[in-house]
Each structure stands twice: as C-alpha cells, then as structure tokens.
> 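The structure under discussion is supplied below as structure tokens; questions concerning it will follow.
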Number of protein chains: 2
Amino acid sequence: MSKVLVFGHQNPDTDAITSAISFAYLQKQLGVDAEAVALGPVSEETQYALDYFKVEAPRVIETAGNETNQVMLVDHNEAQQSVVDIKDLEVLAVVDHHRIANFETSNPLFYRAEPVGCTNTIILKMYKEHNIEIPAAVAGLMLSAIISDTLLFKSPTCTEQDIKAAKELSMIAKIDLDVYGLEMLKAGTNLNTKSDEQLLSMDAKSFPMGTKSVRIGQVNTVDVDDVLERQATLEAAMEAENKAEGYDLFLLVITNILDSDSVILAVGDGMDKVESAFNVKLENNTAVLPGVVSRKKQVVPQLTDAFK
Amino acid sequence: MSKVLVFGHQNPDTDAITSAISFAYLQKQLGVDAEAVALGPVSEETQYALDYFKVEAPRVIETAGNETNQVMLVDHNEAQQSVVDIKDLEVLAVVDHHRIANFETSNPLFYRAEPVGCTNTIILKMYKEHNIEIPAAVAGLMLSAIISDTLLFKSPTCTEQDIKAAKELSMIAKIDLDVYGLEMLKAGTNLNTKSDEQLLSMDAKSFPMGTKSVRIGQVNTVDVDDVLERQATLEAAMEAENKAEGYDLFLLVITNILDSDSVILAVGDGMDKVESAFNVKLENNTAVLPGVVSRKKQVVPQLTDAFK
C-alpha cells in the first residue's frame with residue numbers, strides 16, 4: 001500500500017482538522033502509511049487548540065493525485081466538499097457523521113458513519129475497538145472537536161455519546177472541559193479582523209438541493225449585531241460569490257454561542273424556500289431562528305426538503 | 001420510534017436473509033422494534049440453513065411504506081437493489097460490504113461498511129461491541145452466510161476476519177464447519193428443477209455502469225456443462241428480460257463451487273466491454289474466467305471500469 005492521505009472537508013473546522021490527525025494516528029498504529037493533511041488553512045479556533053496541545057497544523061494540499069491515489073475521508077463524504085480531484089482517487093475509508101450524498105465508489109470500502117455530534121466521538125470508539133492508546137495531545141484535539149461541533153454540548157446534534165466521549169478524553173488530556181471549552185470557542189469568534197470574503201468562507205459548504213446549488217456559511221459569535229453591522233458589504237460579497245461560483249442561493253448562519261440562537265442572512269434565488277423551510281418571514285433578507293445552532297440538523301434537512 | 005423493517009437486497013441470497021435476521025435480533029436487544037423481512041422468497045441454499053437451525057423464513061414484502069417509514073438495510077445500499085419505495089423511506093442504518101452507489105439520505109444515519117467477505121462478519125463485531133449474546137440458531141445462520149458469500153473461504157472476497165468469525169460462530173452454533181458448509185452449498189446447486197427465468201433471477205442484481213444498465217446473475221453449480229446445455233433457451237430468456245426491463249446487457253456468471261472457476265454467458269449490447277473487462281474473447285457468447293468466483297470483486301469493478 002502506498003502513502004495514504006487523510007483529510008477533512010474544505011474550509012476545515014476544528015473537527016475536520018483534528019479528526020484527520022486522530023484518524024491518521026490510529027491508521028499509523030494499524031500499519032498504514034497515513035498522513036493527515038488539510039484542504040485549507042486552520043481557523044483561529046482550531047489554531048487555539050493546536051497551540052494549546054502543541055501540535056503542528058497539517059500541511060494544506062490543493063490536489064491529492066499528485067502524491068497518491070489512495071485517500072481516507074473524515075468528517076465529510078460529499079464530493080463537492082472534498083479535494084478537487086476526488087473522482088480520480090480510491091477512497092479506502094470514510095469516518096463521518098453527516099448525511100450521505102454525491103458519494104460513489106467502484107469498490108467496497110470501509111465506511112463508518114454514526115448520527116452523533118462529532119467525528120471524533122466515532123474515532124474514539126475505533127481506538128477502543130483496536131485497543132490503541134491515545135496520546136494526551138491527540139485526546140486534547142479530539143476533545144476540542146467535540147466542544148466545537150456541539151458548542152459545548154448545547155447543539156441538538158450533541159448526543160449522550162459525545163458528552164461521555166468528551167469527559168473520557170478530558171481525563172486523558174488532563175484539562176478542565178468547561179474552562180478550556182469556552183476559551184477555545186471564544187477564540188473562534190474574533191470576526192473583526194476578517195474581510196467579508198474571509199468571514200463568508202470560514203465555515204462554508206456547498207449542497208446540491210433539488211436542481212439548485214446552495215452555499216451555506218456559518219460563523220460563531222458572542223454578539224450577532226457586531227456581524228450585522230456589516231450586512232451591506234456582506235450581501236455584496238455573497239452576491240459576487242453566487243455569480244462567480246454558480247450558487248443559486250447563499251445563506252449565512254450567524255450563531256450566538258452564548259444564547260444558542262442564530263440569525264440567517266440570505267442572498268440569491270429561492271427566498272421563498274428559505275421562508276417555508278424555517279417558517280419565518282425574511283425582513284431585510286434576515287430572520288431570527290431561535291434555538292438554531294446546527295447547520296446539519298436544523299438548516300440543511302429543512303432547506304433540502306423545501307427545495308424538493 | 002415506530003416499527004423498523006430490516007431487509008437485505010432483492011433476490012435475496014443467504015447473507016441478505018440471515019443478516020436481516022441477525023441484525024434485527026441485535027436491534028431488538030438494543031430496544032428497537034425491529035422486524036426482519038425479505039424482498040423475495042429464500043433460495044434452496046438459504047432454506048437448507050433455515051431448516052437446519054429451525055428458524056422461520058422472514059415474510060416477504062413488496063413495499064415498506066404501507067407498514068412503516070423507517071427501515072434498516074443490510075447487505076446492500078444501492079436503491080435499485082432495495083425495496084421499490086425506498087426513496088420515500090428514512091434509512092436509519094445500513095450494514096453492508098459492497099461499494100456505495102446510488103445511495104443518498106437527507107439526514108445523518110448509522111452506516112457501517114467494511115471490505116470483508118460477508119455482512120454477518122461485521123454484524124458479529126457489533127454484537128461484541130454491544131456485549132450482546134448470540135443465540136446458537138442465529139450464530140448458525142450468520143455462519144451459513146459467511147460460508148455462502150465466501151464459498152467456504154475460497155472466494156477472493158474472503159478475509160482473515162471472515163475465517164475468524166466463522167470459526168467463532170461455529171463454536172456458538174456447535175457444528176462442524178466444513179461438513180455442514182459443503183452440504184449447504186450443494187443444496188443451492190440444484191438447478192434442474194428451475195425454469196430458465198428462475199435460474200436467471202436466483203441471484204441477479206442490476207448495476208448502472210456509465211450510461212448503461214447491466215444485469216448480472218450468478219448461479220453456483222458442481223457441473224457447468226449441466227447449465228450450458230440450456231444455453232439456447234437461457235439466451236432467449238435473457239434477451240426477453242433485457243427488453244422487458246430495459247437492461248442493456250445481461251451477464252450470467254456460472255460458478256463451479258468445487259473448482260472455483262466461472263463461465264460467463266453474455267447477451268445484449270457491449271460485448272466488446274465484456275471482452276475488454278475480462279481480457280477474453282467471447283465464443284458463442286461465452287468465456288471461461290479461471291479463478292473467478294466473486295461478482296463483487298472480480299466482475300463488477302472490471303465491468304464498471306470498461307463502461308466508463
């Protein structure tokens with residue numbers, strides 16, 4: 001077996017980066033020549049976690065085919081969220097916690113998905129099944145991903161398994177879950193230094209819905225108004241991106257991590273679909289979605305159904 | 001949670017039937033109101049196993065939506081191999097050992113696939129992970145599936161894990177693996193009582209390949225010539241089925257379970273693809289494929305690539 005590259009989705013969040021690290025480490029222990037890489041630079045939140053546990057950020061790749069023809073995907077499966085030359089590569093394994101779509105292989109593979117809050121919760125099970133010890137730094141990164149994906153257990157995507165896994169990992173990493181967790185989340189909310197384009201792409205993913213292509217970005221903040229002050233220039237940037245990339249609709253989900261609410265900002269075609277999906281009336285292209293913090297559970301399925 | 005139906009693919013083989021039984025039993029122990037059903041009548045091989053371990057065949061369903069909207073799939077994932085109303089149902093879980101194609105969900109789900117020889121090898125792991133005891137009769141059925149899918153460990157799809165699982169299950173079921181295994185396989189080779197149409201549909205699956213629809217049937221025998229004596233009427237039946245069902249190509253794989261070789265019989269368009277896929281020259285629509293016993297590993301990927 002040649003070298004195997006392991007990576008999470010484009011615009012990597014903390015789970016995408018750290019699950020590549022933790023899964024590549026596990027594969028190495030199992031004898032695979034695996035290397036964790038990333039499909040983009042790490043966020044400030046992720047950098048906080050990497051610095052805290054003294055781990056280097058994975059190197060960023062543009063394509064994989066120039067290095068290997070065998071890859072493993074973590075925290076995603078949909079082709080449009082993966083490396084650009086994914087169709088030319090053999091996917092040996094997937095570990096994920098999302099819906100399955102736009103994914104196809106010629107050969108049987110290893111695929112492990114569970115409807116839990118974080119990829120690393122599944123990877124922790126796999127360490128146990130293989131009886132492999134987790135280094136403290138890797139445990140700390142895995143824990144950071146669970147905190148990030150579940151917003152410190154407040155997201156509806158969070159399961160009992162995620163909470164149990166986080167507690168277990170915090171013992172291995174020897175850190176105070178709540179203190180560390182809030183500091184890490186706050187490190188990811190510094191949006192003022194970001195350009196509109198940077199803010200939009202921080203955690204954005206594309207989804208085919210019906211015959212349309214929908215882009216959904218999400219940012220965490222401790223002050224939603226702080227983001228909405230930039231609405232005019234954000235909308236212009238969203239419109240420009242729709243045009244350049246062929247998105248029919250761009251939805252930005254601005255999530256208050258302290259209150260666990262979101263405001264959405266929508267630009268493009270299908271505003272009626274947005275309204276029916278969330279049962280709201282858009283005003284000035286925005287609407288408040290009380291209790292909504294999870295794109296995966298509270299945004300994508302509703303919007304997918306509306307576009308059917 | 002309402003009732004959940006658990007089933008394997010259409011034209012069920014021993015793994016499709018018994019993995020539905022073993023996975024439904026596991027789910028019931030985990031508190032799910034699961035029932036194993038089948039998408040077609042059981043084969044003679046499967047009936048031999050069911051009789052031996054004194055288990056009733058699962059009832060056959062035509063559609064699932066009239067009973068429930070939640071299902072679990074075993075031993076398949078591709079929509080065209082599943083229940084006809086699969087698109088209207090929520091798939092809660094999949095356990096499988098095939099390629100992933102033509103499968104899409106709106107929501108995250110439980111998906112467990114591994115590149116091993118038999119679905120029940122994966123299900124055995126899940127019993128262990130959940131610490132749930134396997135009744136002797138269920139173990140016997142799981143073992144029967146491993147014997148069937150791996151042709152008593154002779155198929156290239158067979159892994160060390162399958163052999164280990166079979167040994168473990170034979171201890172629980174308290175049977176002699178080799179003696180029972182050959183008897184069960186032989187029970188499935190009684191083709192003389194079958195009409196051409198029955199023979200073709202015994203273990204047939206449809207595969208989209210490029211822009212074409214390819215039907216691939218497989219039969220096990222202890223005497224290939226016995227089947228080839230019926231070539232003329234088989235070809236007529238294959239042609240009729242291509243026309244009726246819109247298949248571009250029908251490939252029948254006749255496998256000698258004693259010699260571990262196959263003869264293929266091809267009817268339809270794309271004979272050149274068949275020749276290039278297997279690097280053979282078809283004579284009288286047939287060719288010998290030495291050492292080929294696995295549709296999944298030695299037929300489907302090669303033909304898929306040829307149709308690309």
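In what follows, chains are A, B, ... by sequence order, proteins preceding strands, each numbered from 1.
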> In residues 100-111 of chain B, which residues are in contact with chain A at a heavy-atom separation under 4.5 Å?
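Checking residues 100-111 of chain B against chain A gives I100(B), A101(B), N102(B), F103(B), E104(B), T105(B), S106(B), N107(B), P108(B), L109(B), F110(B), Y111(B).
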> Residue by residue, which of residues 292-308 of chain B have a heavy atom closer than 4.5 Å to a heavy atom belonging to chain A?
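Listed by number, the contacting residues are K296(B), P301(B), T304(B), D305(B), K308(B).
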> Report, in residue-number order, which members of residues 112-126 of chain B are under 4.5 Å from chain A by heavy-atom distance.
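Within residues 112-126 of chain B, the residues under 4.5 Å from chain A are R112(B), A113(B), E114(B), P115(B).
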> Can you establish whether the number of heavy atoms outside N279(A) located under 6.0 Å from its atom CG is more than 12?
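12 or below, so no.
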> Which residues in residues 268-276 of chain B have any heavy atom closer than 4.5 Å to a heavy atom of chain A?
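Within residues 268-276 of chain B, near chain A: nothing under 4.5 Å.
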